[in-house]
Structures are given as structure tokens and as C-alpha cells.
Amino acid sequence: MLATMEVNDVRLNAVSFTTIMVGYGRTKDIRNAMRLFMRMCDRAIAPDLVAFNALASSFVRSGNVKLATEIFDEMAKRKGAIAPNLRTY
């Protein structure tokens, strides 16, 4: 899907990346969810709270609480730290 969007010159933003990450999370495809998150960061598109929550949710859904905790910690380390909300917990 992402490749098709890029070929068609669709301008990708945090919402598009996060939407696709949610889809990966729902199918417990944490490898592609993480890959997409990294790609988003590589393009200098700053992940917001929704993106972090989507990624953490993917990890929890797949049973990988350790990675979800690491994402939670990463939120605080980022420039302009992102405060968790109820959905994060």
C-alpha cells in the first residue's frame, strides 16, 4: 500500500503512516509496524502520541510487552517529550 502511494506521489504524513501502522498492529505484524515507524522517523516526520500508541498497541496485541515498554520510554526521551494519555496505559 505504501509503495503504491509513493509511486502515485501521494504526500505521506503522520496520519497516513499511523493508519497503516494500525492495520499492521491489528494483524499482529509488529515487524512491519516497527519498520514503518522507523521509515516515518527517517523521513523526518515526527511521530505523535497517536503513532506511539498505535505502535505500542501493536506490540501488546502480539504479546510483546517488553517492546511496548520500550516505546513508552522512547516517548519521554524524544525532543519535546510526548506525555502518555489513558490510551497509552
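Reckoned from all heavy atoms, side chains included, excluding hydrogens, waters and symmetry mates.
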Separation between CG of Asn64 and NZ of Lys28, rounded to the nearest 0.5 Å: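 Reported value, rounded in 0.5 Å steps: 12.5 Å.
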From CD1 (Ile30) to CG (Leu67), nearest 0.5 Å: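 Rounded to the nearest 0.5 Å, the CD1-CG separation comes to 5.5 Å.
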Stepwise side-chain contact (heavy atoms from CB on, under 4.5 Å) test for Arg35 and Tyr24: CA-CA 10 Å; Arg35 193 178 290 170; Tyr24 284 136; over 6 Å; no
Check whether [X] and [Y] end up in the same hydrophobic cluster, where Ile, Leu, Val, Met, Phe, Trp and Tyr are linked by side-chain heavy atoms less than 4.5 Å apart.
X: Leu12; Y: Ile20; value: yes
X: Met34; Y: Val50; value: no
X: Val60; Y: Met21; value: no

Backbone of Asn13 reached by a side-chain donor or acceptor of Ser16 within 3.5 Å: yes
Mind listing the closest non-hydrogen atom pair of [X] and [Y] along with its distance?
X: Ala14; Y: Ala46; result: CB-O, 4.3 Å
X: Val22; Y: Ala54; result: CG2-CB, 3.7 Å
X: Ser58; Y: Gly25; result: OG-CA, 3.0 Å

Under the salt bridge (charged side-chain N to carboxylate O under 4.0 Å, His left out) test, residues paired with Lys77 that sit two or more places apart: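 For Lys77 there are no salt bridge (charged side-chain N to carboxylate O under 4.0 Å, His left out) partners, ignoring immediate neighbours.
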Pair listing, salt bridge (charged side-chain N to carboxylate O under 4.0 Å, His left out) test, anchored in residues 50-66, at least two apart: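 Matches after skipping sequence neighbours: Lys66-Glu70.
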Pairs satisfying ring-ring contact (aromatic ring centres under 6.0 Å, His included), at least one member in residues 34-55, at least two apart: Phe37-Phe52
Stepwise side-chain contact (heavy atoms from CB on, under 4.5 Å) test for Met75 and Leu49: CA-CA 8 Å; Met75 288 170 62; Leu49 177 61; 3.4 Å; yes
